[in-house]
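A quick write-up on the structure given underneath.
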Amino acid sequence: MGFKCQVWVCTFCLVMLLFLQETRAGIHSSNASRLNGRKKVSGCNLFRGRWVVDASYPLYDSSGCPFIDDEFNCQKHGRRDNQYLKYSWQPDSCKIPRFNGADLLRRWRGKKIMFVGDSLSLNMWESLSCMIHAAVPKAKTTFSRRDSLSSVTFDSYGVTLYMYRTPYLVDIVRENVGKVLNLNSIEAGNAWKGMDILIFNSWHWWVHTGRSQGWDYIRDGSALYKNMDRLTAFSKGLTTWSRWVDQNIDPSKTRVFFQGISPTHYQGKDWNQPQKSCSGEAVPLSGSTYPAGAPPAAAVVNKVLSSMKKPVYLLDITTLSQLRKDAHPSTYSHGSGTDCSHWCLPGLPDTWNQLLYAALIM
């Protein structure tokens with residue numbers, strides 16, 4: 001009797017051990033898919049693939065779009081090669097629908113779409129405005145540009161694309177010590193409410209130092225800092241943004257996207273050509289991986305998004321953009337120096353918007 005009891009106890013313990021292992025695996029899988037599901041559409045990872053030559057591109061001509069800033073208008077400022085315009089993104093496991101501006105306007109009739117972030121958001125906003133305009137070139141539009149809030153309205157459809165400039169997402173406030181980056185405050189968020197689609201972006205300005213730095217001090221709660229590790233500050237600021245989304249967004253009324261980290265190409269060592277930058281680059285990198293790997297800021301974005309209660313779709317444009325060392329304004333801009341941060345229009349941001357379109361309709 002005692003022997004049978006021991007056997008039964010051992011068997012029970014073994015079953016419980018297997019059950020706990022399965023449960024832990026299920027929890028791990030659920031947490032992983034919670035984030036990955038935001039990158040996939042109908043089982044397809046839109047962001048894993050390669051660049052292919054496509055003679056049907058670009059989707060518009062820069063001379064025909066009234067919304068492009070000089071800093072992105074590479075053709076206007078003397079860029080003569082055009083091969084960088086002749087590439088489309090091909091995911092490994094599916095085909096994405098070709099962008100259809102007229103279809104988008106019909107689907108979005110009466111809707112309000114807002115890009116929120118820095119000049120990379122501006123890059124994407126101007127791109128989408130041009131892509132839609134090319135589909136309905138005779139449509140009446142209303143165009144407004146202001147310091148913090150700009151808009152393009154396609155009047156016949158009641159569709160408005162807004163651009164809200166706020167490079168850190170969290171607030172910069174004036175205190176006695178000067179301009180303070182408050183990692184815990186988003187008063188500007190009141191302007192983001194009531195939108196049908198929100199596309200957020202931040203990172204580009206967090207690494208600026210010296211005269212290009214947008215603040216004098218950083219506030220974290222009651223503590224005031226002259227400086228802080230920029231990834232740590234970014235993580236704290238993005239966590240504040242995530243709480244704002246969780247507390248203020250109704251997913252049945254508003255779809256939220258995060259644009260992902262847009263890379264730079266100032267250091268050729270990142271793609272195994274240490275003597276180079278984006279200047280003079282005319283073709284993308286081949287393949288689907290980037291030698292330097294993902295920037296650390298991308299891990300911060302993934303971590304923050306995975307902890308959120310409300311759904312946010314990650315437009316995971318980092319790797320596909322890292323492959324496009326050829327697509328920057330470089331010296332073909334109205335400014336001085338070499339710009340390996342922003343992107344020519346037409347150009348790479350058109351693909352970001354095509355992926356946004358695919359995520360919305362697939």
Side-chain angles (χ1 to χ4, degrees), residues 46-47 49-91 95-102 104 119-137 152 161 259-260 262-266 268 271 273 276-288 290 315 317-335 338-358:
L46 299 175
F47 309 101
R50 66 193 188 282
W51 290 99
V52 297
V53 175
D54 190 333
S56 69
Y57 280 70
L59 299 176
Y60 57 91
D61 189 293
S62 60
S63 64
C65 181
F67 312 122
I68 302 178
D69 280 341
D70 273 0
E71 63 183 306
F72 308 138
N73 199 334
C74 303
Q75 298 286 312
K76 176 181 177 181
H77 289 278
R79 184 162 184 174
R80 294 292 173 254
D81 67 301
N82 62 5
Q83 186 58 45
Y84 75 97
L85 298 171
K86 301 293 184 180
Y87 292 94
S88 63
W89 178 250
Q90 177 57 60
K95 289 187 177 181
I96 52 178
R98 188 172 178 85
F99 182 83
N100 186 327
L104 185 147
S119 52
L120 278 311
S121 292
L122 180 69
N123 227 172
M124 191 174 178
W125 172 71
E126 291 184 9
S127 161
L128 184 59
S129 300
C130 290
M131 292 166 74
I132 297 175
H133 180 267
V136 288
V152 175
L161 308 180
Q259 185 176 330
S262 176
T264 63
H265 289 95
Y266 289 104
W271 63 93
Q273 292 182 306
K276 293 190 173 184
S277 69
C278 73
S279 183
E281 294 297 303
V283 295
L285 289 169
S286 60
S288 58
Y290 191 62
L315 285 170
I317 51 93
T318 301
T319 301
L320 66 90
S321 302
Q322 286 177 317
L323 300 174
R324 294 306 306 272
K325 58 185 173 61
D326 59 313
H328 295 284
S330 181
T331 57
Y332 302 106
S333 177
H334 79 298
T338 300
D339 184 355
C340 297
S341 297
H342 301 99
W343 308 93
C344 295
L345 293 180
L348 176 65
D350 304 334
T351 295
W352 300 349
N353 282 310
Q354 186 175 7
L355 293 168
L356 171 66
Y357 175 67

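One-based numbering along the sequence shown.
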Practice prompt. Please confirm whether the backbone N or O of L161 pairs with a side-chain atom of W125, one donor and one acceptor, at under 3.5 Å?
Written response: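 Yes.
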
Item to complete: Would you confirm whether Q322, through its side chain, and H265, through its main-chain N or O, come within 3.5 Å as a donor-acceptor pair?
Response: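 No.
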
Worksheet item: With a 6.0 Å cut-off on ring centres, are H133 and F67 close enough?
Response: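 Centroid distance H133-F67: below 6.0 Å, so yes.
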
Worksheet item: Taking it one step at a time, do N353 and S127 satisfy side-chain hydrogen bond (donor to acceptor under 3.5 Å, both in side chains)?
Response: CA-CA 8 Å; N353 282 310; S127 161; 3.0 Å; yes

Worksheet item: With distance as the sole criterion, is a donor-acceptor pair present between the side chains of T351 and R324 under 3.5 Å?
Response: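 No pair is found: no donor N or O on one side chain lies under 3.5 Å from an acceptor on the other.
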
Discussion item. Can you confirm whether the side chains of T338 and Y266 place a donor and an acceptor under 3.5 Å from each other?
Written reply: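 Not at all, the side chains of T338 and Y266 share no donor-acceptor pair under 3.5 Å.
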
Discussion item. For a 4.5 angstrom cut-off between non-hydrogen side-chain atoms, does M124 reach L315?
Written reply: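 A side-chain contact exists here, since the closest heavy-atom pair is under 4.5 Å.
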
Fill in: Nearest-0.5 Å distance, CG of residue D326 to CG of residue L285
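The distance works out to 8.5 Å.
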
Practice prompt. Decide yes or no on side-chain contact (heavy atoms from CB on, under 4.5 Å) for Y290 and T318, but give the supporting numbers first.
Written response: CA-CA 10 Å; Y290 191 62; T318 301; over 6 Å; no

Discussion item. Against the six-membered ring of F72, is R79 placed for a cation-pi contact (under 6.0 Å from the centre, within 45° of the normal)?
Written reply: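 Verdict for F72: no cation-pi partner in R79.
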
Fill in: Step-by-step side-chain contact (heavy atoms from CB on, under 4.5 Å) determination, L120 to W343
CA-CA 8 Å; L120 278 311; W343 308 93; 3.8 Å; yes

Practice prompt. Evaluate the side-chain contact (heavy atoms from CB on, under 4.5 Å) criterion for residues E126 and E71: first the C-alpha distance (whole Å), next the side-chain angles of each, then the deciding distance (0.1 Å), finally the verdict.
Written response: CA-CA 12 Å; E126 291 184 9; E71 63 183 306; 5.9 Å; no

